[in-house]
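This chain uses plain numbering: 1 for the first residue, then up along the sequence. Just so you know, these numbers come straight off a predicted model, no measurement behind them. Reckoned from all heavy atoms, side chains included, excluding hydrogens, waters and symmetry mates.
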Amino acid sequence: MALPAPPPARVFAELVPGQAPIPTPTPAGHGSPPAPSGREVHVSGSAELSAGPDRARVSLRLGSRKGAAGAARSSVARRLEYIAQSVRQRGVPEENMTVTEDFSRLENTYQMEAEVCIVFSDFGKMQNVCNLLVEKLGTSITIGPPHFYHTPEAVDTLRRQVCVAAVGNTHRKAQEVCRLFGQSLGKPLLIREEETKEWGGHIDSHLLNSLDSLTLQERIQRATAYASCRVFAVFEIRGKENKRNKLL
């Protein structure tokens, strides 16, 4: 039985011989400038990086049901003031906290409900605030699990970093190829980003119910974003490698 044909080889670097340059007339009295060799090395390279979330949003719920409207309002207001004071004392900007209130009447009672959403950039402060509120307010407050996410600036930074890393890997590969043949790498003639992929960084809605049992570190890992980039580059080949540089 005949063996299957082997898969085609993948070429990651290619040395391209240059064509002979067309001579150009030189003004009288001037020496002829050195003509470029025209030789090139074509390489491709890639990189993959990850970035953890840089923000966390925590939702707090509290409420009160009293026979008098003023009593219901004041009960919630006292706890809201304590939450705001605790957040400010730990260096969280006030603009990172939003409060939504809902007041209603149920039969012969009045119900006051409030939701506080706090955005943290320091996850250590987030844990300290949540632990303090649980200790001081107890069952009168419900703290939801943190939702980790990336700001647009963090995503843009990850994209730039993975592209620069891919270009750096490509440049190093071209240097190693030229060194293997005793050549010296010249300036880049072309750098082209061929493919960029991004994945992770968010949690699917159908998995939200299964996240209640996850630890904080597991939640951060689930929210980690990944990016990969592949680039193609063409570099000039200068000629023989300088022996002095080779020894350094």
Side chain to side chain contact (heavy atoms under 4.5 Å, CB included) between His150 and Thr157, intermediate numbers included: CA-CA 11 Å; His150 295 78; Thr157 299; over 6 Å; no
query: Yes or no on side-chain hydrogen bond (donor to acceptor under 3.5 Å, both in side chains) for Ser86 and Arg90, after CA distance, side-chain angles and deciding distance?
result: CA-CA 7 Å; Ser86 301; Arg90 280 147 188 83; 4.9 Å; no
Side chain to side chain contact (heavy atoms under 4.5 Å, CB included) between Glu115 and Leu60, worked out: CA-CA 6 Å; Glu115 181 181 11; Leu60 317 175; over 6 Å; no
- request: Kindly determine whether Arg88 and Glu81 satisfy salt bridge (Lys or Arg N to Asp or Glu O under 4.0 Å), including the steps that lead there.
  value: CA-CA 11 Å; Arg88 288 194 301 267; Glu81 177 58 31; 3.6 Å; yes
message: Working note: Arg159 + Glu198, criterion salt bridge (Lys or Arg N to Asp or Glu O under 4.0 Å); need CA distance, chi angles, decisive distance, verdict.
response: CA-CA 9 Å; Arg159 291 169 179 163; Glu198 299 175 12; 2.5 Å; yes
Derivation and outcome, side chain to side chain contact (heavy atoms under 4.5 Å, CB included), residues Gln217 and Ile220: CA-CA 5 Å; Gln217 291 301 322; Ile220 294 176; 4.3 Å; yes
message: Does Tyr82 form a side chain to side chain contact (heavy atoms under 4.5 Å, CB included) with Leu132? I'd like the steps, not just the answer.
response: CA-CA 11 Å; Tyr82 182 79; Leu132 175 66; 4.0 Å; yes
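Looking at Arg192 and Glu194, a side-chain N of the basic residue comes within less than 4.0 Å of a carboxylate O on the acidic one, giving a salt bridge.
The two residues Ala51 and Thr224 make their nearest non-hydrogen contact at O-CG2, 3.5 Å. When every heavy atom of Lys173 is checked against every heavy atom of Gly45, the shortest pair comes out as NZ-CA, 4.2 Å. Taking each heavy atom of Glu193 and Val231 in turn, the nearest pair found is CA-CG1, 4.0 Å. Scanning all heavy atoms of the two residues, the minimum distance from Ser44 to Thr170 falls at C-OG1, 4.0 Å. Of all non-hydrogen atoms in Phe123 and Arg55, the two that sit nearest each other are CE2-C, 3.7 Å. Here the shortest heavy-atom pairing between Val58 and Pro146 reads CG2-CB, 4.0 Å.
The local environment of CD in Glu95 is crowded, with over 12 non-hydrogen atoms from other residues, nucleotides or ligands closer than 6.0 Å. Residue Arg61 places its CZ atom among 12 or fewer non-hydrogen atoms of other residues, nucleotides or ligands, all under 6.0 Å distant.
A centroid separation of 6.0 Å or more is found between the aromatic rings of His42 and Phe235.
Side-chain contact annotation: Arg219 with Thr215, donor-acceptor N/O pair under 3.5 Å absent. Arg65 and Thr109 are linked by a side-chain donor-acceptor pair at a separation below 3.5 angstrom, with hydrogens and angles left out of the test. Between the side chains of Ser64 and Gln111, not a single donor N or O lies within less than 3.5 Å of an accepting N or O.
Residues Leu133 and Leu80 share a single hydrophobic cluster, defined by chaining ILVMFWY side chains whose heavy atoms lie under 4.5 Å apart. Residues Val167 and Val43 do not share a hydrophobic cluster, defined by chaining ILVMFWY side chains whose heavy atoms lie under 4.5 Å apart. Tracing side-chain contacts under 4.5 Å through hydrophobic residues (I, L, V, M, F, W, Y), one never reaches Val155 starting from Phe148; they form parts of separate clusters. One hydrophobic cluster, built from ILVMFWY side chains closer than 4.5 Å, cannot hold both Val129 and Val119; they sit in different ones. Ile191 and Val41 sit in two unconnected hydrophobic clusters of ILVMFWY residues. Membership requires side-chain heavy atoms under 4.5 Å apart, directly or through other members.
Separating the SG atom in Cys229 from the NZ atom in Lys197 is a distance of 11.5 Å, to the nearest 0.5 Å. If you take CD on Glu176 and CZ on Arg172, they are separated by 8.5 Å, rounding to the nearest 0.5 Å. The CD atom of Glu236 sits 9.0 Å away from the CG atom of Leu185 when rounded to the nearest 0.5 Å. To the nearest 0.5 angstrom, Gln127 atom CD is 9.5 Å from Asp122 atom CG. Cys130 contributes atom SG, which lies 13.0 Å from atom CD of Glu135 (distance to the nearest 0.5 angstrom).
Using a 4.5 Å cut-off on side-chain heavy atoms (C-beta onward), Tyr149 and His147 make contact. You'll find the side chain of Leu62 stays beyond 4.5 Å of the side chain of Glu113, heavy atoms only. Between Arg79 and Ser140 there is a side-chain heavy-atom pair separated by less than 4.5 Å. Side chains of Cys178 and Ile237 form a contact here, defined as non-hydrogen atoms less than 4.5 Å apart. Looking at Val116 and Met97, their side chains come closer than 4.5 Å, going by heavy atoms from C-beta outward. Residues Val234 and Pro188 fail the side-chain proximity criterion, which asks for heavy atoms closer than 4.5 Å.
A donor-acceptor pair is defined here as one N or O able to donate and one able to accept, closer than 3.5 Å; no such pair exists between the side chain of Ser75 and the backbone of Ala71. When atom types are taken as modelled, the side chain of Asn108 and the backbone of Gly67 share no donor-acceptor pair closer than 3.5 angstrom. Using modelled atom types, no side-chain atom of Ser228 and backbone atom of Glu48 make a donor-acceptor pair closer than 3.5 Å. Remark: side-chain polar atoms of Asn96 are not paired, donor with acceptor, to backbone N or O of Ile118 under 3.5 angstrom.
Cation-pi contact between Arg57 and Phe120: absent, since separation from the ring centre below 6.0 Å together with deviation from the ring axis within 45° is not met.
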